[in-house]
Structure formats: structure tokens, C-alpha cells
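Letters go in sequence order (proteins before strands), and every chain restarts at 1.
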Number of protein chains: 4
Amino acid sequence: MTTQRKPPSPAPRRNEASRRAILTAAFALVQEVGYAKLSIEGIAARAGVGKQTIYRWWPSKGAVLFDAFLMLSEQPGSGDSALPDTGDLEADLKAVLRATIEELNDPRYDEPMRALNTEITHDPALAALYAERLDGPMRELKKGRLRSAQRAGQLAGDLDLDVAVDLIWGPLLNRWLQRTGALTPGYADSVVETALNGLRPRP
Amino acid sequence: MTTQRKPPSPAPRRNEASRRAILTAAFALVQEVGYAKLSIEGIAARAGVGKQTIYRWWPSKGAVLFDAFLMLSEQPGSGDSALPDTGDLEADLKAVLRATIEELNDPRYDEPMRALNTEITHDPALAALYAERLDGPMRELKKGRLRSAQRAGQLAGDLDLDVAVDLIWGPLLNRWLQRTGALTPGYADSVVETALNGLRPRP
Amino acid sequence: MTTQRKPPSPAPRRNEASRRAILTAAFALVQEVGYAKLSIEGIAARAGVGKQTIYRWWPSKGAVLFDAFLMLSEQPGSGDSALPDTGDLEADLKAVLRATIEELNDPRYDEPMRALNTEITHDPALAALYAERLDGPMRELKKGRLRSAQRAGQLAGDLDLDVAVDLIWGPLLNRWLQRTGALTPGYADSVVETALNGLRPRP
Amino acid sequence: MTTQRKPPSPAPRRNEASRRAILTAAFALVQEVGYAKLSIEGIAARAGVGKQTIYRWWPSKGAVLFDAFLMLSEQPGSGDSALPDTGDLEADLKAVLRATIEELNDPRYDEPMRALNTEITHDPALAALYAERLDGPMRELKKGRLRSAQRAGQLAGDLDLDVAVDLIWGPLLNRWLQRTGALTPGYADSVVETALNGLRPRP
DNA sequence: CGTTAACCGAGACGGTACGTCACGTCTTAAA
DNA sequence: TTTAAGACGTGACGTACCGTCTCGGTTAACG
């Protein structure tokens with residue numbers, strides 16, 4: 001995306017102001033008009049930019065959206081820090097999931113995030129970028145917290161942390177994307193408890 | 001969908017052949033050209049049908065797609081039957097998940113299902129219909145199998161079966177939709193085992 | 001143009017109102033903004049019509065312009081009648097040429113006619129149509145008047161009437177198109193006299 | 001054109017090689033792609049020149065084209081010499097007109113000349129320049145030949161030589177521009193004869 | 001058992017957006 | 001300071017579909 005072409009020596013004299021305006025406009029528009037009505041033409045108009053300036057630097061609408069998220073995620077204080085680690089894994093996870101739910105329910109992020117997910121699901125290249133730049137770092141944080149718990153003996157020693165992450169966050173995201181049910185704090189708690197204890201009866 | 005208008009008394013004289021042609025064409029097209037390039041004009045052309053015939057009976061492209069899936073699901077032997085119940089819950093779940101994975105990896109179903117999910121995530125009305133007609137029945141089957149295991153003491157007595165279903169199928173679907181990783185039989189097994197035993201160490 | 005496609009049986013159900021609006025708009029616009037800034041987009045907007053409606057029925061901007069002239073020329077009293085024939089050839093020709101000059105100098109027709117000539121000079125297909133539908137009939141009228149004079153012994157018996165027409169009207173049109181000089185009534189008279197008498201001294 | 005800005009004292013340090021490359025490219029391109037598709041970008045690319053270099057020195061596409069013709073006309077042996085004067089006016093004129101026809105029919109000059117005419121017809125400023133630098137000198141040559149004939153008593157004494165020139169060359173150019181008919185040697189002869197003798201019967 | 005109203009295919013229509021091309025202006029780095 | 005290079009805001013291109021609207025032709029229920 002951001003690095004679509006890497007010229008041998010002369011850096012592409014790219015207008016940073018236009019770039020930011022485009023990404024900001026894209027994010028604002030998708031939350032206002034929704035994914036289906038998001039258009040490159042609209043983004044360009046809102047950003048006060050020529051369409052060609054978008055086509056010059058991004059290969060698709062989804063790529064713009066992706067970079068918009070990237071820009072957001074790179075703002076200071078947006079989550080580069082680690083997850084809470086009070087020693088109480090269950091409480092920490094519940095807190096994080098409740099926060100996630102709040103974000104997913106926030107109308108400012110709901111539509112944009114659905115849009116991003118839609119683009120990813122239909123564009124493997126974008127998905128790879130997503131895995132590398134957005135999901136990857138976040139997943140590392142999650143796994144970091146779990147590893148800490150594992151070291152403390154609170155998680156099974158042979159646990160596959162990737163599966164563990166999926167088990168905790170997967171149900172949530174799936175319910176959100178498929179609108180299978182409401183995302184409530186209670187649901188978050190329930191998922192955490194069940195995931196930690198497993199479906200089988202504990203002796 | 002199918003029942004968009006309720007005629008006073010005379011049943012709407014609807015051409016069943018056209019209806020089937022439209023749904024078949026929609027399903028075929030979405031798997032051929034992908035979600036982004038699926039168009040009502042294209043469906044109409046492929047089905048040998050006037051555009052108006054589509055607009056007359058369906059409110060949106062997503063609704064057509066939904067009905068296409070509905071038609072498929074109502075064909076005999078497409079899953080109305082119960083899930084396998086050999087008494088060995090873990091084995092049964094692994095088998096079902098492996099089958100699911102195979103379907104998701106099948107190029108004939110991959111694109112159409114992603115398309116359906118996209119429509120659902122952006123259209124609450126469609127999502128409600130989905131919950132009622134497609135996901136609901138399937139979820140009942142899943143819960144049925146789990147209930148049977150619960151009765152046999154293989155699952156915790158106070159287990160929320162909806163959460164349980166999410167815990168088992170959510171990770172899979174989420175990985176598929178977000179393309180976070182490959183869907184392999186090993187992954188299916190891993191998810192089932194981890195869900196059943198939980199993340200915590202068993203004594 | 002007007003007859004771009006001739007379907008076997010079902011006449012193309014074409015919107016006559018749109019057609020007239022397009023032609024009227026095209027003619028009005030070319031005289032307002034000039035040939036260089038005449039755009040299909042502009043015509044469509046002015047006519048209150050979708051662009052596709054223009055592209056559906058005309059292959060080029062020039063074709064629209066041509067049909068606009070055709071429409072004008074087919075209005076009653078626009079010249080289907082014969083040229084004046086008072087018996088005095090010289091006077092009649094001078095009158096006609098003076099009228100022509102007045103039209104060419106009329107700002108309402110100047111730009112549109114230059115535009116039409118430009119299209120014709122760069123598009124042989126359009127030129128053929130022009131020869132058949134616009135120039136041809138007019139040329140017949142001119143030749144008719146000359147033939148009448150020829151019969152009266154006022155013109156050489158072996159005169160090639162096509163060359164004669166060119167000799168009378170060619171200088172005028174050429175001076176107008178190339179802007180080689182002003183088009184004045186005196187110039188018209190001069191051309192007529194010189195053409196009739198020839199360059200050589202009369203005995 | 002060439003002298004768009006008048007520098008206070010130091011002559012504009014203008015790259016002559018670029019200038020020639022631009023004019024050559026313009027002429028070559030217009031004959032290859034035609035007037036409609038001739039673009040400044042294309043000329044710059046073909047000439048290996050920055051766009052700004054064109055905009056700095058020429059106000060319009062037509063001006064470039066005009067200068068391209070000017071460059072051609074200033075090459076040695078391109079017609080600064082007088083018209084043939086064998087004493088036989090009719091033969092001389094026929095020879096000249098036949099040569100003109102050959103040039104107009106030459107695909108290397110057809111498109112460029114049509115393009116130049118188009119620019120002139122839509123741009124009075126360019127037309128004035130044309131009258132002064134290209135058409136003017138040529139017209140003087142023509143009038144020179146006619147004056148010589150007039151002195152010899154072969155042309156009417158009171159003949160307006162400008163009208164005479166128009167009468168001889170106008171029909172030809174008009175037929176060419178409007179594509180009213182083919183330009184053949186026979187047509188050239190016919191025009192010359194008719195112009196010399198006039199339309200009226202000679203006693 | 002004909003009438004008639006709805007449905008059907010076809011596709012024209014006013015629109016919106018697409019992705020591309022060229023415009024004329026501008027900025028940059030090298031000569 | 002000019003130049004080659006090319007990014008930029010602008011606007012038109014010609015195309016694809018949108019959802020609405022006729023148009024004849026067919027078809028099934030009613031009168």
C-alpha cells in the first residue's frame with residue numbers, strides 16, 4: 001500500500017498532506033455512508049483531491065481503507081502497549097474483551113471495521129498485509145499475555161497459543177460479523193470462563 | 001424475501017422456472033466472477049430473465065444470494081439430518097469440523113459463502129433472516145449433539161450451549177473469514193481438543 | 001446516425017423527446033462554449049439526459065452535431081425550396097451569396113458550422129453522410145439554378161455544373177474557414193462577377 | 001509563438017535542440033495518430049522533453065503545430081522560389097494545382113494540414129499569424145504570377161488579384177476540407193479552365 | 001370460453017461511479 | 001535559469017450497472 005512502488009533512488013515526491021486527507025476522508029465516509037456506498041470518487045471529493053492521486057498510490061478501495069486503519073493504529077497511545085497483566089488472567093481477559101466489545105459496538109468503528117473485514121475476506125493480498133501489519137502485532141500482544149500466564153502455571157503447558165487466541169477472540173468476532181447475537185459484557189465473561197475451563201466438566 | 005408482498009387472496013402467479021433460474025445463476029456467477037463483480041444485470045442475463053423479474057421479487061442482491069443458499073439447503077440430504085452421534089463427542093466434533101473445513105476450502109463454496117457473509121454483515125435485516133432460516137436450524141443441530149453429550153455427563157452441566165457452539169465453530173469461521181491462517185484438519189482437531197479441555201491445566 | 005441500427009422487426013423504442021433535447025442542447029452548446037469545449041458530458045447535462053443515451057444512438061460527438069444540423073435543415077422553410085430565379089443570374093447569385101455571408105457571419109451559426117466542418121474534415125464517414133444529406137440537396141438546388149441559366153444561354157453549354165458550383169461557393173467558404181479575409185457583400189459580388197466573366201479579358 | 005516573451009536584455013537561453021525535437025514530434029504525431037488524438041503529453045514524451053518546456057514557449061497545441069509548419073516551410077527548397085512562368089498561364093496554373101493536389105493527397109501531409117486548418121478556423125489569433133507567415137508569402141507568389149500574366153494582357157486589366165487567387169485555389173481547398181469529392185488532376189484542369197474562361201459563354 | 005390483469009423478456013432511460021487520459025500548474029534535482 | 005521528470009487538482013472520456021419505466025407477448029384465473 002503505502003509502499004506500492006520503490007523507485008531505485010529518487011524518492012517518490014509524494015504529497016503527505018493529500019495522503020492524510022485521503023485516509024481521513026475514507027475513514028470518515030465509510031462510517032457515514034456505509035461500506036456499500038463508499039466510492040473512490042466520494043473519498044477524492046471529500047479529501048479535496050483528484051481521483052488520480054488515489055489511483056496513483058493505492059490499487060483498490062480496500063487498500064485505502066486498510067491504510068486508513070494503519071494510520072489510526074500508528075497514532076500514539078492506540079494500543080502498542082501491552083495488555084493488562086494484573087496476575088489475574090481471567091479478570092484481565094474479561095476486561096480486554098469487554099473493551100473490544102465496546103469498540104465493536106461503537107458506531108464510529110462498527111461500519112469501518114466491517115468494511116475492512118469485507119475487503120480482507122475478498123482480497124487475499126490485502127489479507128496478507130492485514131496479517132502482517134494490523135492483526136499480527138495485536139496477536140503478539142495477546143499471545144504475550146497468555147505466555148505470561150502460562151509461565152505462571154495458569155495455562156496448560158502444551159497449549160498452542162494461536163489456538164488459544166482464536167478460542168478467546170474468535171467467538172466474539174464471529175458473532176459480531178455474522179450478527180448471530182448481541183455483544184454484551186456478559187457474553188464476553190461467558191466466553192472467557194468457558195474457554196478457560198473448557199466444555200468438559202471439571203472434577 | 002420470497003414473500004415480499006402478501007396478495008389479498010389470489011396467490012401471486014409467479015414463474016417458478018424463472019425463480020430457480022435466477023437463484024442458480026446467482027450462485028454460479030458469484031463463484032465465477034466473485035462477490036465484487038456480481039451484478040443483477042449479470043444474473044438476469046445468465047438466467048435469461050428480465051431485470052424487472054428480479055426486482056419484483058427480491059429487494060437486494062444479497063436477498064437473491066440468500067435465497068440461492070436457501071434453495072440449496074432445502075435440497076434433500078443437505079444437512080437437515082442430525083450430526084453424527086457415536087457417543088465419542090470429541091471424535092464426532094472433529095469429524096464435523098473437518099467436514100466444515102473441507103466445504104470452506106472447496107472453491108465451489110468459498111466465494112459464495114464469503115459473499116453471503118458480506119451481505120449479512122452489512123444488512124441487519126438479512127442477518128435476521130439468516131439467523132432464522134439458515135444459521136438457526138444448523139445451530140439447533142449442533143446444540144442437539146452437545147445436549148446429548150451433556151446428558152451423558154461429557155459436558156459441564158451448567159454449560160451455556162450457545163457459548164459452546166460459538167467456542168467450537170467461531171474460531172474456525174473467523175480464521176476463514178479473516179484469512180488469518182490456513183484451515184487444516186489439524187487445526188480443527190486442535191480447536192476441538194482445546195475447547196473441550198479448556199485453556200487451564202487439567203489436574 | 002439517426003439510423004444506426006435497424007432491428008429486424010421490433011422498432012427501437014427510442015425516446016423522441018430525448019433525441020430532440022440532445023440535438024438542441026448540442027447546437028446551443030457549441031455556439032455558447034465553442035467547438036473545443038463542447039463535450040458529450042455537457043450535452044447530456046444540458047439536455048437532462050444520461051450520457052449513455054447519447055452513446056447508445058450516436059457514435060461520436062460529430063455525429064450528434066451532424067444530426068443537430070440535420071434536424072435544423074429539416075424544419076419547414078429552411079431551404080428545401082429552390083434558389084431565386086428572376087432570370088437575372090448575376091443578381092440572383094449575388095443575392096444568394098450575400099445571404100450565405102450573412103449566415104456565416106451570424107454568431108449563432110458561425111461556431112456551429114465551423115465545428116461541423118472540423119468534424120467532417122477529420123471523419124470521412126461523417127463527410128459521406130454530409131455529402132448525402134446536407135451538402136448534396138443544397139448542391140442540387142444550386143445546380144438547378146445554374147442549369148436553368150444554362151438552358152437560357154446565359155452559361156456556357158459545355159459547363160461542368162459541379163465545377164461551376166465550386167467556383168462560386170468555394171472561394172467564399174474557403175475564405176471563411178481559413179479566415180483569410182473578411183466576408184463582405186462586396187466580396188460576394190466580386191466573386192460572382194469574376195466567376196461569371198472569368199479571369200481572362202473579355203473581348 | 002516563437003517569440004512569446006520579450007526578455008529585457010539577455011536573450012532567452014532557449015534550448016534549440018528541444019525546440020526542434022518538439023516541432024518534429026508534433027508533426028510526426030499528428031500524421032500518425034490524427035488531430036483528435038494529438039496531445040501535448042504525447043508530443044513531450046515523443047520529443048523527450050518535459051511538458052513545461054512546451055508550455056513555456058507555446059500558448060497552445062495549435063501554436064506548436066503552426067511552428068512545426070513554419071519550420072518545414074523555412075527549410076531550403078520548400079517553395080520560397082517563385083511559381084513557374086513559362087508564358088503559358090493556363091499550363092502553369094494547371095501544373096501548380098496538380099502539384100498542390102498531390103501534396104493534399106499525400107498521407108504525410110493530409111492529416112497535419114487538416115489539423116492546422118482546424119486550429120486556424122477556431123483560433124483567430126493563430127489565423128492572423130497564419131495569414132502573415134504562411135499563407136501571405138504563398139499568396140504573394142501566386143499574385144506575382146498572375147500579375148505577370150496581367151501585364152502580358154492574358155488577364156483582365158481590372159482584375160482583383162485576391163479574388164482571382166481565391167477563385168483558383170478556393171474550390172480545390174474547399175473540396176479537400178469538406179471532402180466533397182476526390183481531388184484529381186482532371187479536376188484541377190477543369191477548375192483552371194473554368195476560372196480563366198468564366199461561366200458565361202465566350203463569343 | 002373469451003376477457004383481462006398480472007407476469008414475463010427485453011431493453012431504453014436518467015443516473016452514479018468506474019478507471020483512464022490529458023489538461024495546465026506546480027515542485028524538485030541536475031545541468 | 002532552464003531543463004526532464006512527474007505529482008497534483010481538474011474534468012472529460014467511454015463503460016458498467018443501478019433501479020425505474022415502458023413495451024408487446026404470454027398465461028392463468030375469473031366472469
K.L.:
Compare side-chain N and O positions of B/T53 against OP1 and OP2 of E/dG9 and report whether any pair is under 4.0 Å apart.
P.N.:
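For E/dG9, OP1 or OP2 has a side-chain N or O of B/T53 closer than 4.0 Å.
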
K.L.:
Can a side chain N or O of A/S18 be found less than 4.0 Å away from OP1 or OP2 on F/dG9?
P.N.:
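Checking F/dG9 against A/S18, a side-chain N or O does come within under 4.0 Å of OP1 or OP2.
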
K.L.:
If I take atom CD in residue A/E41 and atom C1' in nucleotide F/dG9, what distance separates them, rounded to the nearest angstrom?
P.N.:
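Taking atom C1' of F/dG9 as the reference, CD of A/E41 is at 14 Å.
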
K.L.:
Would you call B/R19 and B/E16 a salt bridge, taking side-chain N to carboxylate O under 4.0 Å as the test?
P.N.:
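Looking at B/E16 together with B/R19, the answer is yes, because their closest N to O distance falls below 4.0 Å.
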
K.L.:
Would you mind reading off the distance between C/K37 atom NZ and F/dC13 atom C1', rounded to a whole angstrom?
P.N.:
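Distance check: C/K37 NZ to F/dC13 C1' gives 17 Å.
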
K.L.:
Could you check how far CD1 of D/I22 sits from P of F/dA4, rounded to whole Å?
P.N.:
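Distance check: D/I22 CD1 to F/dA4 P gives 7 Å.
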
K.L.:
Could you tell me the separation between the CG atom of A/N15 and the C1' atom of E/dT25, rounded to a whole number of Å?
P.N.:
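The distance from CG of A/N15 to C1' of E/dT25 comes to 14 Å, rounded to the nearest Å.
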
K.L.:
Could you state the atom-to-atom distance from CZ of C/R13 to P of E/dC13 in whole Å?
P.N.:
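After rounding, the gap between these two atoms is 9 Å.
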
K.L.:
Which is more 5' along DNA chain E, the nucleotide nearest B/A47 or the one nearest D/L38? Just name the residue.
P.N.:
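The residue mapped nearer the 5' terminus is B/A47.
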
K.L.:
Using whole Å, report how far CD1 of D/I54 lies from P of E/dT25.
P.N.:
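Roughly 13 Å, once rounded to whole Å.
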
K.L.:
Hey, is the side chain of D/R56 poking within less than 4.0 Å of OP1 or OP2 on F/dT2, counting only N and O atoms?
P.N.:
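Looking at the OP1 and OP2 atoms of F/dT2, neither is under 4.0 Å from any side-chain N or O of D/R56.
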
K.L.:
Might you work through the side chain to side chain donor-acceptor pair (under 3.5 Å) test for C/E119 and C/Y35, ending with a clear yes or no?
P.N.:
CA-CA 10 Å; C/E119 295 291 352; C/Y35 169 72; 3.2 Å; yes

K.L.:
Atom CH2 of D/W57 and atom C1' of F/dA4: how far apart are they, to the nearest Å?
P.N.:
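These atoms are roughly 15 Å apart.
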
K.L.:
Mapping A/G42 and B/V49 to their closest nucleotides on DNA chain E, which lands nearer the 5' end?
P.N.:
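Looking at the nearest nucleotide for each, B/V49 comes out on the 5' side.
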
K.L.:
Can you list, pair by pair, the side-chain donor-acceptor contacts under 3.5 Å of residues 21-30 of chain D, counting residues two or more places apart and other chains?
P.N.:
{"from": "D/T24", "atom 1": "OG1", "to": "D/R20", "atom 2": "O", "distance (Å)": "2.8"}

K.L.:
Please assess A/R133 against A/E74 for the test salt bridge (charged side-chain N to carboxylate O under 4.0 Å, His left out), listing each intermediate value before the final yes or no.
P.N.:
CA-CA 10 Å; A/R133 308 292 300 273; A/E74 278 164 356; 3.6 Å; yes

K.L.:
Whole angstroms only, please: what is the NZ-P distance between B/K61 and F/dC18?
P.N.:
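The answer, rounded to whole Å, is 7 Å.
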
K.L.:
State whether the distance check finds a donor on one side and an acceptor on the other, under 3.5 Å, for side chain D/K51 versus base E/dG24.
P.N.:
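Pair found.
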
K.L.:
Any idea how C/F66 and C/Y130 line up, ring-wise: parallel (<30°), tilted (30 to 60°), or perpendicular (>60°)?
P.N.:
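Geometry flag for C/Y130 against C/F66: perpendicular rings.
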
K.L.:
Can you say whether a donor on the side chain of B/Q52 sits under 3.5 Å from an acceptor on the base of E/dC7, or the other way round?
P.N.:
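No such pair is found, so the answer is no.
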
K.L.:
Heavy atoms from C-beta onward define the side chain here; which of F/dC17, E/dA17, E/dC23 lies closest to that of D/I40?
P.N.:
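Output: E/dC23.
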
